[in-house]
Amino acid sequence: MAAPLVLPGCAGGQSALDPAGREAAEVYDLFVVMVIGGGVIWLAVIGLLVHACRRRRRTWSEEGAGRLIAWGGVAFPVVALFALLAYAVWLMPSIRPWLDRSVPEPAMIDVTGEQFWWRIRYPAEDGMAAFETANELRLPVGERVAFSLRAADVIHSFWIPSLGGKMDMIPGRTNVLSLLPTKTGVYQAPCAEFCGASHAYMAFSVIVMDTKAYDDWRRRQAAGNRPGGSEGERLFAHHGCAGCHSVRGVTPVAGLGPDLTRFSDRRTVGAGALANTPENVARFIRNPSAIKPGATMPAFDMLSQGDIAAIAEFLTGRP
Ligand code: CUA
């Protein structure tokens, strides 16, 4: 039962071994160096062990044994471990590159982890207004971005394996993470800290776009939906959906649940739980906890099938 629910979350890249960002590439390089370095040390140790077993009948001179311990037991490990440590430390500043004052600090995208979804706020930038969205992050390729990471309830963890990371989101604290996406594409990001019953269903999509497509998307998001006067739009307000969810341009701002402005642009419903189709949206409205155990949204199975279908049509239709 659970497997089909998580499959939409598996679409797209989610591998730290297939980097699409500078930080992920550096972590990958570090991984390769560590594996090769560890492999060479392992081979040397096993080689010495075999050598020692073979000549067990001959006794070592005291001087020879002392030299082996000094070089093989102290000098070699110290040099090898120090070299690996120095390489790792040398890579570290790239995590917060503006600690080097010559790199300007980019505008922060605020991401807040909530049980069990992601609130995402884009700042006003380049003449485009600030706006809120949820569960889907779009980024321009080749531009450094920074995230201020918070948690509303318990500890979550922000990790986009293809781009880099990860960093915990801790209640009462703001953590900052910076990434530089280098390849356009669709990537998946899981919540990387156990945070409750639906931890496994807390994911977001990351879409790295070329600058023009990204700017168009931002402009559309900032502008919000256009009121269309549909039955679903009326029912969305009438049945109280608008009490928790904003659809900017159509309903007053309500900040409790995920912002659903231009929901039709999104790939999934329920933070990676299901593919975004009218049927799945209707299914989610009827009983969110059946799809995401522990979801805050109550079941709306008291509404008629027709009303639920109309609301799903409104959310997934062209705004
Ligand atoms: Cu949020 Cu695990």
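Counting starts at 1 for both ligands and their atoms, following the listed order.
The N, O or S atom of His199 lying closest to atom 2 (Cu) of ligand 1 is ND1. Nearest N/O/S atom of Glu193 with respect to atom 2 (Cu) of ligand 1 is recorded as O.
Ion pairing of Arg220 with Asp216 is absent here, as no side-chain N (NZ or NE/NH1/NH2) approaches a carboxylate O to less than 4.0 Å. Ion pairing between a basic and an acidic side chain is recognised when a charged N comes within 4.0 Å of a carboxylate O; Arg121 and Glu132 show such pairing.
Among the atoms of His156, no N, O or S atom is found under 2.8 Å from atom 2 (Cu) of ligand 1. Atom 1 (Cu) of ligand 1 has an N, O or S atom of Met202 inside 2.8 Å of it.
Note: Phe147 and Phe158 have tilted aromatic rings, judged against thresholds of 30 and 60 degrees for the angle between ring planes.
In this structure, Gln115 and Asp153 approach most closely via the heavy-atom pair N-OD2, 2.8 Å.
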